[in-house]
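The block underneath contains the structure these notes are about, expressed in structure tokens.
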Amino acid sequence: MSTTKCCKCGLLIDGTKEEIIDALDSTWHSTCFSCHQCRKPIKPGKGCCVVIDGNPVHPDCAPRHVCSKCSQKIEGREIVVGDKRFHEGCWCCSQCSKVIQGGKYFEEEDGSPLCTTCGEA
């Protein structure tokens, strides 16, 4: 019998009888891993949810102003690139991690941003 507790409901999870979800550095019953906004289940996987105030939320249920990098609410100034939004400090080069300034940047094949120094290298 498992001694793992669900981070949402606090009850023990019996991994022999139900699916265990390991997500967001926590363990959940599959029925407890749900959107904090719409309460519908979240199917685990890359990009399945964003975290707002410590709670999982479907990307479509999240407020419009959520940072695409850190998944936290954006208050104040933001950087908008296509359909993505970033805190000013989160809009940084995927290679050297320097904040991208001045509006000029390059993109890797996967769409990740590169500063002019790394993009011209």
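A quick note: this is a predicted structure, and the numbers were derived from the prediction, not measured.
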Holding to side-chain contact (heavy atoms from CB on, under 4.5 Å), I want the full list of residues that pass it with Ser34, two or more places apart in sequence or in another chain. Lys8
Applying side chain to side chain donor-acceptor pair (under 3.5 Å), which residue pairs with at least one partner in residues 92-102 are found, sequence neighbours left out? Ser94-Glu108
Name all residues meeting the salt bridge (Lys or Arg N to Asp or Glu O under 4.0 Å) criterion together with Arg39; count only those two or more places apart in sequence or in a different chain, and write none if there are none. none
Could you pull out all residues at least two apart from Asp110 that satisfy side chain to side chain donor-acceptor pair (under 3.5 Å)? Ser112
Nearest heavy-atom pair of Cys48 and Pro59: which atoms, and what distance? O-CD, 3.3 Å
Looking at residues at least two apart in the chain, or sitting in another chain, which of them share a salt bridge (Lys or Arg N to Asp or Glu O under 4.0 Å) with Glu107? none
Hey, what do you get for NE2 (His29) to CG (Leu12), rounding to the nearest 0.5 Å? 7.5 Å
Under the side-chain contact (heavy atoms from CB on, under 4.5 Å) test, which residues partner Lys40, sequence neighbours left out? Cys38, His58
Quick one: CD1 on Ile100 to CG on Leu114, what's the gap to the nearest 0.5 Å? 7.0 Å
With a 4.5 Å limit on heavy-atom distance, are the side chains of Glu120 and Phe106 in contact? yes
Kindly indicate whether the side chain of Ile13, heavy atoms from C-beta on, has any atom under 4.5 Å from the side chain of Cys6. yes
Value for CG (Asp22) from CD (Glu19), rounded to nearest 0.5 Å, stands at 10.0 Å
Report the relative orientation of the aromatic rings in Trp91 and Phe86; use parallel for angles under 30°, tilted for 30 to 60°, perpendicular for over 60°. tilted
Residues in side chain to side chain donor-acceptor pair (under 3.5 Å) contact with Ser71, at least two apart in sequence or another chain: none
Step through the shown structure and confirm whether more than 12 heavy atoms of other residues, nucleotides or ligands are within 6.0 Å of CD on Glu75. no
The remaining residues in the hydrophobic cluster of Leu24, counting side-chain heavy-atom contacts under 4.5 Å among Ile, Leu, Val, Met, Phe, Trp and Tyr, are Ile21, Trp28, Phe33, Ile42, Val51
Distance (rounded to the nearest 0.5 Å) between Thr4 OG1 and Asp14 CG: 10.5 Å
Members sharing Val50's hydrophobic cluster (side chains within less than 4.5 Å): Ile52, Val57, Val66
Applying salt bridge (Lys or Arg N to Asp or Glu O under 4.0 Å), can you list everything that pairs with Glu78, at least two apart in sequence or on another chain? Arg85
Cys70: partners by side-chain contact (heavy atoms from CB on, under 4.5 Å), with sequence neighbours left out: Cys67, Gln72, His87, Cys90
Scanning both residues in full, the closest heavy-atom pair of Val99 with Gly89 reads CG2-O, 3.9 Å
Quick one: side chain to side chain donor-acceptor pair (under 3.5 Å) partners of Lys73, sequence neighbours excluded? Asp53
Walk me through it: do Thr27 and Lys5 pass the test side chain to side chain contact (heavy atoms under 4.5 Å, CB included)? CA-CA 7 Å; Thr27 304; Lys5 288 187 178 182; over 6 Å; no
